[in-house]
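One structure is given below, encoded as structure tokens.
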Amino acid sequence: MPAYHSSLNDEPDVRQVGNLAILPIKTRIRGPAPQGELQHATAESMTAITSPFRTIADPSQPDIIDETLDLFRANSLFRNFEIKGPADRTLIVLILYVSDCLAKLGGARTVPTQIEASKSLNTLSVESFPIPGDANFALNAHYAPPASRSDSGEHHLVTLKKGLCLLTRSLEYLRQYLTQVRQELAARLVEKLYADGTGKPSKWWMSFQKRRFMNRSLGN
């Protein structure tokens with residue numbers, strides 16, 4: 001049986017940074033995730049990342065975080081995965097992050113309560129982490145780094161500065177987007193882990209803490 005892919009691969013005109021899809025999420029957490037309809041945007045037209053806003057993704061439809069939680073356990077059993085679109089790249093990063101979350105909770109000295117788990121994973125969400133293009137990002141072979149849109153045929157200083165500025169904005173945007181998504185994913189994961197009301201994380205979920213999709217780790 002093959003691994004499962006994101007149903008969002010076929011969404012038209014999805015914004016990408018590098019070749020990773022920037023998808024709307026259902027959240028009240030502040031951040032730069034796109035609003036409403038998926039629409040194409042270049043680095044020049046990005047909303048300033050210093051002005052975060054709330055998403056308005058369709059609450060009746062699953063978003064990339066719902067897909068991640070639905071597919072995590074099944075896909076964690078696979079070491080090979082054929083990437084079929086930019087949403088798959090987002091899915092990979094988030095599935096690996098769920099593994100990091102479970103490992104974090106599993107490594108605690110005592111079994112964490114739901115409140116303790118929420119605090120621990122929220123802290124993990126905002127800690128420094130590698131993104132595509134960073135030297136320590138484990139999946140650089142499958143991801144394109146954020147690229148400036150400067151004309152490679154122009155070597156004037158002004159063009160170089162403009163290209164570096166756009167590259168910096170793309171890197172910052174991607175990092176802040178992934179931070180927002182990680183926070184929302186961690187919050188929903190905790191809800192699933194403690195859904196049975198026992199006050200302890202689900203043994204079924206925690207049994208996957210050592211499973212690594214594609215045999216990789218994000219390095220947290």
Side-chain angles (χ1 to χ4, degrees), residues 6 8 11 13-57 63-65 68 83 85-98 100-101 121-152 154 156-188 216-220:
S6 174
L8 300 172
E11 289 286 347
D13 301 321
V14 174
R15 177 188 301 183
Q16 296 181 46
V17 176
N19 55 4
L20 183 147
I22 304 298
L23 299 159
I25 58 172
K26 298 172 290 187
T27 187
R28 292 184 177 275
I29 296 171
R30 291 180 178 272
Q35 291 185 338
E37 294 180 358
L38 299 174
Q39 50 187 307
H40 177 73
T42 63
E44 294 90 338
S45 63
M46 285 180 184
T47 301
I49 61 173
T50 54
S51 300
F53 49 79
R54 294 184 181 185
T55 65
I56 52 173
D63 61 10
I64 188 64
I65 294 176
T68 299
I83 298 173
D88 273 350
R89 291 186 176 86
T90 308
L91 179 67
I92 291 169
V93 168
L94 298 185
I95 285 178
L96 293 179
Y97 179 61
V98 172
D100 286 344
C101 288
L121 296 190
N122 188 64
T123 298
L124 180 65
S125 299
V126 299
E127 287 179 353
S128 178
F129 57 91
I131 63 174
D134 288 347
N136 57 338
F137 183 70
L139 295 162
N140 274 330
H142 305 285
Y143 287 73
S148 75
R149 291 183 172 271
S150 60
D151 184 353
S152 60
E154 295 286 343
H156 300 299
L157 182 60
V158 173
T159 303
L160 177 59
K161 287 183 177 180
K162 180 181 179 182
L164 290 174
C165 179
L166 293 176
L167 174 59
T168 300
R169 289 187 63 194
S170 295
L171 289 168
E172 290 176 351
Y173 179 86
L174 179 58
R175 191 176 299 281
Q176 291 204 11
Y177 171 76
L178 290 176
T179 298
Q180 181 189 11
V181 175
R182 283 159 60 104
Q183 287 179 284
E184 179 63 29
L185 176 54
R188 293 192 212 173
R216 297 298 182 92
S217 170
L218 292 178
N220 291 74

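The analysis underlying the following values was restricted to heavy atoms, covering all of them including side chains, and did not include hydrogens, waters or symmetry mates.
Atom-to-atom distance recorded for Thr90:OG1 and Ile25:CD1 is 11.0 Å, nearest 0.5 angstrom. Note that the CD1 atom of Ile64 and the OG1 atom of Thr68 stand 4.5 Å from one another [nearest 0.5 Å]. With values rounded to the nearest 0.5 angstrom, Thr179 atom OG1 is found 3.5 Å from Phe129 atom CZ.
Partners of Ser6 under the side-chain hydrogen bond (donor to acceptor under 3.5 Å, both in side chains) rule, at least two apart in sequence or in another chain, are Glu67. Under the side-chain hydrogen bond (donor to acceptor under 3.5 Å, both in side chains) criterion, Asp88 pairs with His5, Asn9, not counting sequence neighbours. For Arg188, the salt bridge (charged side-chain N to carboxylate O under 4.0 Å, His left out) partners two or more places apart in sequence, or in a different chain, are Asp63, Asp66, Glu184. With sequence neighbours left out, Asn19 forms a side chain to side chain contact (heavy atoms under 4.5 Å, CB included) with Gln16, Arg89, Tyr143, Ala144. Partners of Ser125 by side-chain hydrogen bond (donor to acceptor under 3.5 Å, both in side chains), not counting sequence neighbours, listed by chain and number: Tyr97. For Gln183, the side-chain hydrogen bond (donor to acceptor under 3.5 Å, both in side chains) test picks out Asn122, with sequence neighbours left out.
Two residues are said to be in side-chain contact when any heavy atoms from C-beta on lie closer than 4.5 Å; Leu174 and Ile22 meet this criterion. By the 4.5 Å heavy-atom criterion applied to side chains, Ile131 and Tyr177 are not counted as neighbours.
The backbone N or O of Leu121 lies less than 3.5 Å from no partner atom in the side chain of Arg182, so there is not a single donor-acceptor pair.
Heavy-atom minimum distance, Tyr173 versus Pro32: OH-O, 3.1 Å. Ser170 and Pro146 make their closest contact through CB-CB, 3.8 Å (heavy atoms, listed as atom of the first residue, atom of the second, distance).
Only one option out of Val98, Leu91, Ile92 pairs with Ile95 in a side chain to side chain contact (heavy atoms under 4.5 Å, CB included); it is Leu91.
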